[in-house]
Amino acid sequence: MSTKHPIVAVTGSSGAGTSTIKNAFEHIFRREQINPVIIEGDSFHRFNRVEMKQAMQEAASHGNDHFSHFGPESNLFDKLEDLFKTYGATGGGKKRYYLHSDEEAEAHNGRLGTSLKPGEFTPWEDIPTGSDLMFYEGLHGLVADGDTNCAQHVDLGIGVVPIVNLEWIQKIFRDNAERGYSAEAIVDTILRRMPDYVNYITPQFSRTDVNFQRVPTVDTSNPFIARDIPTPDESLIVIRFSNPKKFGVDFPYLLNMLKDSFMSRRNTIVIPGGKLGLAMEIILAPIIHDLLERRR
Ligand SMILES: Nc1ncnc2c1ncn2[C@@H]1O[C@H](COP(=O)(O)OP(=O)(O)OP(=O)(O)O)[C@@H](O)[C@H]1O
Ligand SMILES: O=C(CO)[C@H](O)[C@H](O)COP(=O)(O)O
């Protein structure tokens, strides 16, 4: 934790919607004139796409069919913790990008004068000086494993966790439409990742300050034949605070501002899916404001 250089981490599984939430944060940052340094969690994968395929084949040849992007063998948890520690102490550190698609490769090649391909990393580069906070978005912002503990450095931890059928529908659609994978290949990936999902992804949601859980109000009982992603209006969002007092959460105010919301537990408010952006703004903007005030 750092008063001077706070870290906000949005964490969730692949397809959960962390990039979507990142976009909502970018609006908050723009409106509040906050200058963040943004870290994409996938840049802390250990292997590029070709190496990962080889590492998976190697693991399979030893009888391990569950080697995955969710676990410690294929990610640099220690390097991520180092970055959080260094940023908290100095406001500096190094970042890079994992290029998922042609569009991402093109954008970074243009910026760096390189000819990197999808599935490769950009070189490590110094993060710009003078940022107000670090914003991490990805799989492992609150991870802890052995001697490594990223969660302890995070000032505001946010979990993005649709119920699992919806998470799978979101992943299948996004990976198919934007990353060109077949439905069968995506289901194989989901199955391969399951042990690491249970051991390394879900425990993080007990270390977060706030979880946003999207719950569909339409039938998603067979996610593998779904024809589309349930829309915001076809869902509710369960928002659970681990300790409402820590951030001075004012539930009567939230209930008043968020039409059709209700409390389901003393620390949990449920809102219509279409109100997610507004809810994030009225819940998170004051918390971020406080983090930055303490800094001043
Ligand atoms: N609240 C939401 N309402 C409707 N659709 C959503 C919502 N959140 C995410 N989605 C959709 O789900 C898909 C996956 O979302 P997104 O790309 O944000 O996932 P992600 O967690 O960043 O995945 P990855 O870590 O693999 O990049 C996208 O098609 C996105 O539009
Ligand atoms: O888990 C993921 C995102 O969080 C991706 O599956 C991982 O980054 C690998 O990406 P790609 O399939 O594009 O090589």
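The structure presented is a predicted model; accordingly, all values stated were derived computationally and were not measured. Whatever order the structure lists ligands and atoms in, that order sets their numbers, starting from 1.
Between the choices His45, Lys53, Arg49, Arg174, the shortest heavy-atom distance to atom 13 (O) of ligand 2 belongs to Arg49.
Taking atom 14 (O) of ligand 2 as the reference point, the nearest protein heavy-atom neighbour is Tyr98 OH, 2.6 Å. Looking only at protein heavy atoms, the nearest one to atom 10 (O) of ligand 2 is His100 CE1, 3.2 Å. Of the protein's non-hydrogen atoms, Asp42 OD2, 3.2 Å is the one closest to atom 3 (C) of ligand 2.
Between Arg179 and ligand 2, not a single N/O pair is under 3.5 Å apart.
Shown are Arg193, Gln170, Glu167, His69; of these, the side chain to side chain contact (heavy atoms under 4.5 Å, CB included) with Ser14 is made only by Arg193.
Using a 4.5 Å cut-off between side-chain heavy atoms of Ile, Leu, Val, Met, Phe, Trp and Tyr, with links allowed through other members, Leu142 and Phe212 fall into different hydrophobic clusters.
Residue contact check for ligand 2: Arg193 places a non-hydrogen atom closer than 4.0 Å to it.
A distance below 6.0 Å separates the ring centres of Phe251 and Phe241. The ring of Phe44 has its center no closer than 6.0 angstrom to the ring center of Tyr98.
Counting heavy atoms closer than 4.0 Å to ligand 2, residue Asp175 contributes nothing at all.
Ser68 and Asp196 share a donor-acceptor pair across their side chains, judged by distance under 3.5 Å alone. For the residue pair Asn35/Ser131, the side-chain donor-acceptor check at 3.5 Å is not satisfied.
Residue contact check: His69 has heavy atoms under 4.0 Å from atoms 7 (C), 9 (C) of ligand 2. Atom numbering of ligand 2 starts at 1 in the shown order; those under 4.0 Å from a heavy atom of Leu139 are 1 (O), 4 (O). Residue contact check: Tyr181 has heavy atoms under 4.0 Å from atoms 11 (P), 12 (O), 13 (O), 14 (O) of ligand 2.
At a 4.0 Å heavy-atom cut-off, the residues surrounding ligand 1 are Ser13, Ser14, Gly15, Ala16, Gly17, Thr18, Ser19, Thr20, Glu137, Gln170, Arg174, Arg179, Arg214, Ile229, Pro232, Leu276, listed by chain and number.
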